[in-house]
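Letters A, B, ... are given to chains in the order of the sequence lines, protein chains preceding strands, and every chain is numbered from 1.
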Number of protein chains: 2
Amino acid sequence: MTVADEATDAGQPRRRSPSMADVAREAGVSGQTVSRVSTGRPNVDEDTRNRVLAAMRKLGYRPNSAARALRSGHFRNLGVIMFTLSSFGNMRTLDSIAVAAAAAGYSITLIPVQHPTQGEVTVAFSRLSEQAVDGVMIIIEAHALDEADIELPPGLPVVVVDSSARYQYPVVDTDQAEGARLATEHLLDLGHDTVWHISGPVHSYSAERRRESWAETLTTHGRPVPDVIVGDWSSEAGYRAGLELAARPEVTAIFAANDQMALGVLRALHERGRAVPADVSVVGFDDMDESKSFWPPLTTVHQSFEEVGRHTVSQLIEEIEGAPPSSVSVLVPTELVVRASSGPAPRHPTADA
Amino acid sequence: MTVADEATDAGQPRRRSPSMADVAREAGVSGQTVSRVSTGRPNVDEDTRNRVLAAMRKLGYRPNSAARALRSGHFRNLGVIMFTLSSFGNMRTLDSIAVAAAAAGYSITLIPVQHPTQGEVTVAFSRLSEQAVDGVMIIIEAHALDEADIELPPGLPVVVVDSSARYQYPVVDTDQAEGARLATEHLLDLGHDTVWHISGPVHSYSAERRRESWAETLTTHGRPVPDVIVGDWSSEAGYRAGLELAARPEVTAIFAANDQMALGVLRALHERGRAVPADVSVVGFDDMDESKSFWPPLTTVHQSFEEVGRHTVSQLIEEIEGAPPSSVSVLVPTELVVRASSGPAPRHPTADA
DNA sequence: TCGGGCTATGTTCACGTAAACATCAGTCTG
DNA sequence: CAGACTGATGTTTACGTGAACATAGCCCGA
């Protein structure tokens with residue numbers, strides 16, 4: 001009844017999927033003409049093209065991508081090496097990468113690395129060697145890998161996302177420093193004497209840059225730089241840090257290096273009965289969807305993962321399709337989103353009245 | 001200085017990456033022997049194997065996956081068609097799929113579909129046709145697609161995740177009904193007269209099953225079934241629903257269909273001054289990492305995305321590697337995680353004293 | 001009217017791999 | 001000690017495609 005049935009009524013059950021030759025026979029043309037139609041090349045008569053298309057539909061022809069790749073030397077496929085897919089930012093970035101790649105006619109192959117140890121990374125890269133990719137994006141935050149000899153197959157275009165600029169490859173990243181400065185200055189503008197910081201893990205380059213920029217901003221404004229509390233991006237770590245800070249009455253402003261830790265801080269402050277923002281102001285970083293529904297809604301630094309993904313893909317494809325390997329790095333701007341978790345500094349701590 | 005340099009000192013700059021033939025020449029064996037070493041086949045002398053391996057290293061040989069796929073007919077690559085990558089559950093599932101696939105020696109190709117409209121889906125599937133995949137996983141929640149003629153290339157193994165069982169393919173899913181029952185009964189056990197429900201969007205099959213199971217549980221226990229408030233999984237929707245419910249004093253127990261909506265509910269209850277859990281108990285679904293840091297920490301239904309991903313991959317690979325296409329569906333159990341957002345029903349609403 | 005150039009189409013071939021088959025030297029068994 | 005078997009290796013070939021080249025019909029201007 002279906003078209004497929006008609007195709008198989010020839011007798012012998014055809015197991016293999018139809019090839020160009022089958023279509024050519026069906027349409028009464030040469031294989032080359034089928035190829036031309038299939039790849040959308042010009043110089044094919046309108047009639048012939050239609051006849052070929054009809055034959056393709058009838059036989060259910062679909063081009064064999066392996067043969068095509070073997071012949072043409074490229075796969076229209078991009079690899080993504082990523083650590084901890086389960087992080088909010090990485091996922092959003094991956095999403096926009098996938099969409100941008102699809103729009104450009106490329107597909108995405110995921111190469112997960114569970115632990116950013118040298119061994120695992122090497123394995124991932126060697127697996128990559130057998131992968132059918134035209135280029136690779138590396139989403140990596142551990143700068144422990146800087147010193148490691150990340151040895152990618154020579155000639156394979158690479159773009160690094162959100163990481164150290166110390167690589168030999170082009171880098172696309174959010175402007176971490178700007179974001180941290182915006183957050184810190186926002187709190188200073190509200191009259192707080194200084195700002196406490198809960199940072200991401202030590203091995204994270206993003207965390208490092210947010211921390212440095214926070215400290216620098218305080219120094220620029222002539223404020224004391226409190227000791228950093230080091231977290232690991234998780235809300236649990238934020239909670240622990242929050243408990244610590246809640247116990248100290250001089251703390252009136254906290255800048256958490258991401259929203260999840262900010263969430264933990266909020267919980268700790270609630271538990272200890274310190275009002276937000278009346279007693280303590282909290283600012284996060286990321287602007288994840290949920291932040292606006294935190295209690296109270298979180299003031300945070302919005303970063304556009306979409307734009308990072310878009311830039312990454314376009315940069316990579318540009319390089320793949322012949323542009324000279326530009327070492328230009330893209331820095332995506334951030335934006336402060338003020339909500340209810342930050343407010344004027346309380347009167348008392350100034351304590352000079 | 002490096003090995004690569006030695007390989008190119010022959011004179012002519014070799015642009016193409018080395019093939020089996022190059023390795024064979026270097027090692028003084030036939031191409032077939034190189035192939036045997038490369039694919040780990042037996043019947044190769046230890047000496048010969050080492051010689052070939054050395055030649056491979058020296059030349060920097062890496063097998064051409066396109067040629068390999070063309071010859072062998074399979075790609076060791078699985079496609080994942082997914083809608084809204086940006087959803088918490090989908091991402092976690094994808095993560096575990098990627099890890100499980102990597103462990104089995106398969107890679108993952110992402111085929112994103114931005115909007116689950118028929119048109120977009122058709123496009124995704126036709127793009128898939130040109131994709132080099134041995135099988136496909138579909139992570140889909142819109143059962144609007146049930147009626148649509150999802151026409152996948154015939155003979156391509158498929159496993160559907162987290163969706164309607166009305167498909168002709170094997171399905172792996174969380175036991176949504178059990179989870180909703182656990183949540184509802186937990187609240188009833190705490191003495192609440194009934195449980196209000198904020199569901200996911202109407203087109204979502206998961207949402208539908210949670211809603212049905214919630215209603216059924218209430219009925220089984222002889223409780224009235226309140227009107228459902230329909231959300232869209234977002235914390236914003238939860239907030240709006242929460243405002244609505246906070247205004248009604250008879251509401252003492254709320255079961256939100258996911259944690260994000262539960263977060264919005266908590267915010268609304270805080271804003272309206274209804275204490276959690278003293279006045280109102282809230283239970284979510286998903287057990288995302290942040291739930292434990294909500295204020296108060298959220299009682300929720302834990303679902304194991306990891307296990308869903310693992311089962312999906314193993315089921316698919318089984319089918320690819322020759323097992324008869326089993327229509328067996330896997331149902332992954334859930335678990336109630338009791339935290340601080342649920343507690344005994346307040347005295348007054350019983351109002352019969 | 002003729003040839004140059006253009007368009008539509010066909011023919012040949014190579015891409016790199018692995019399956020199928022062929023060969024050859026040992027090794028074991030009766 | 002012959003014949004059968006085993007293990008190591010080589011030879012041939014086809015997988016499906018698209019580039020390069022070849023051919024043939026046609027239009028146009030001199």
Side-chain angles (χ1 to χ4, degrees), chain A residues 14-53 55-56 59-77 129-134 153 155, chain B residues 14-53 55-56 59-77 105 129-134 153 155 322:
Chain A
R14 112 168 357 274
R15 221 72 205 87
R16 228 178 59 271
S17 65
S19 74
M20 257 182 30
D22 299 314
V23 175
R25 203 173 310 114
E26 174 71 28
V29 297
S30 76
Q32 186 54 84
T33 299
V34 177
S35 170
R36 275 189 271 256
V37 171
S38 169
T39 53
R41 287 236 160 40
N43 296 350
V44 178
D45 190 77
E46 200 51 34
D47 269 7
T48 314
R49 185 183 300 276
N50 288 333
R51 200 145 35 91
V52 170
L53 288 173
M56 283 177 171
L59 300 183
Y61 168 77
R62 36 189 207 119
N64 180 314
S65 61
R68 195 169 258 188
L70 174 59
R71 190 66 188 90
S72 66
H74 51 77
F75 306 90
R76 300 198 71 78
N77 188 31
S129 305
E130 303 185 5
Q131 222 53 258
V133 295
D134 301 313
Chain B
R14 109 165 5 270
R15 222 70 204 89
R16 229 176 59 269
S17 64
S19 74
M20 259 181 29
D22 300 314
V23 176
R25 202 173 311 115
E26 175 73 27
V29 297
S30 76
Q32 186 53 62
T33 298
V34 177
S35 171
R36 276 188 269 257
V37 172
S38 169
T39 54
R41 287 234 159 43
N43 297 350
V44 178
D45 190 78
E46 201 51 36
D47 270 6
T48 314
R49 184 184 302 275
N50 288 333
R51 199 144 35 89
V52 170
L53 287 173
M56 283 179 173
L59 299 183
Y61 169 77
R62 39 189 201 117
N64 179 314
S65 61
R68 192 169 262 190
L70 174 59
R71 191 68 189 87
S72 66
H74 52 78
F75 305 92
R76 299 198 71 78
N77 187 31
S129 304
E130 304 185 5
Q131 222 53 259
V133 295
D134 300 315

Q. Considering only side-chain heavy atoms of A:Ser30, which listed nucleotide, C:dA18, D:dT17, C:dT11, is closest?
A. C:dT11
Q | A:Arg49 CZ - C:dT9 C1' separation (whole Å) | A | 13 Å
**Q.** Value in whole Å for how far the C1' atom of C:dA14 lies from CE of A:Met20
**A.** 14 Å
**Q.** Note, B:Ser38 side chain near B:Met56 side chain (heavy atom, < 4.5 Å)
**A.** yes
**Q.** Heavy-atom pair of closest approach, residues B:Gly31 and B:Met20
**A.** O-CE, 3.2 Å
Q. Taking CG from B:Leu70 and P from C:dA18, how many angstroms apart are they, rounded to a whole number?
A. 11 Å
Q: Could you check how far OH of B:Tyr61 sits from C1' of C:dA18, rounded to whole Å?
A: 10 Å
Q: Measure across A:Leu70 and B:Ala66 and return the closest heavy-atom pair with its distance rounded to 0.1 Å.
A: N-CB, 3.6 Å
Q. Out of C:dG16, D:dG18, D:dA19, which nucleotide sits closest to the side chain of A:Arg41?
A. D:dA19
Q: Output the distance between atom CG (A:Asp45) and atom CZ (A:Arg51), rounded to the nearest 0.5 Å.
A: 8.5 Å
Q. So which one's nearest nucleotide on DNA chain D is more toward 5', B:Gly28 or A:Ala21?
A. B:Gly28
Q. Is any side-chain N or O of B:Arg71 closer than 4.0 Å to OP1 or OP2 of D:dA14?
A. no
Q: Measure the spacing between CZ of B:Arg49 and CZ of B:Arg41 and express it to the nearest 0.5 Å.
A: 11.0 Å
Q: Classify the nucleic acid contact of B:Val34 as base, sugar-phosphate or nothing, counting any heavy atom under 4.0 Å across all strands shown.
A: nothing
What nitrogen or oxygen pairs link the protein and nucleotides 20-22 of chain D at under 3.5 Å?
{"residue": "D:dA20", "atom": "N6", "partner": "A:Gln32", "partner atom": "OE1", "Å": "3.3"}

(Q) Under 4.0 Å, heavy atoms only, any strand: does A:Ser38 hit a base, just the sugar-phosphate, or nothing? (A) nothing
Q) For the residue pair A:Ala27 and A:Val52, what are the closest heavy atoms and their distance? A) CB-CA, 4.0 Å
Q: Would you name the heavy atoms of B:Ser19 and B:Tyr61 that are closest together and state the gap between them?
A: C-CE1, 3.7 Å
Q | For atom CD of A:Glu46 and atom C1' of C:dT9, their distance in whole Å | A | 16 Å
Q. When we call it a touch if two heavy atoms are under 4.0 Å apart, what does B:Thr33 touch: a base, just sugar-phosphate, or nothing?
A. sugar-phosphate
Q: Give the rounded distance in Å between these two atoms: CZ of A:Arg68 and P of D:dA19.
A: 10 Å
**Q.** Residues B:Glu26, B:Val23; criterion side-chain contact (heavy atoms from CB on, under 4.5 Å); working and verdict
**A.** CA-CA 5 Å; B:Glu26 175 73 27; B:Val23 176; 5.5 Å; no
Give me the distances for all protein-to-nucleotides 6-8 of chain C N/O pairs that come in under 3.5 Å?
{"residue": "C:dA8", "atom": "OP2", "partner": "A:Asn43", "partner atom": "OD1", "Å": "3.2"}

Q: Quickly work out the A:Arg51 CZ to C:dG10 P distance and round it to whole Å.
A: 8 Å
Q) Is a donor on one side and an acceptor on the other found under 3.5 Å between the side chain of A:Asp134 and the backbone of A:His74? A) no
Q) Could you state the CZ-P distance from A:Arg76 to D:dG18, rounded to the nearest angstrom? A) 12 Å
**Q.** Per A:Asn64 side chain, nearest of listed nucleotides C:dG10, C:dA19, D:dG16
**A.** D:dG16
Q. What nucleotide, of C:dA18, D:dG16, C:dT17, holds the atom closest to the side chain of B:Ser19?
A. C:dT17
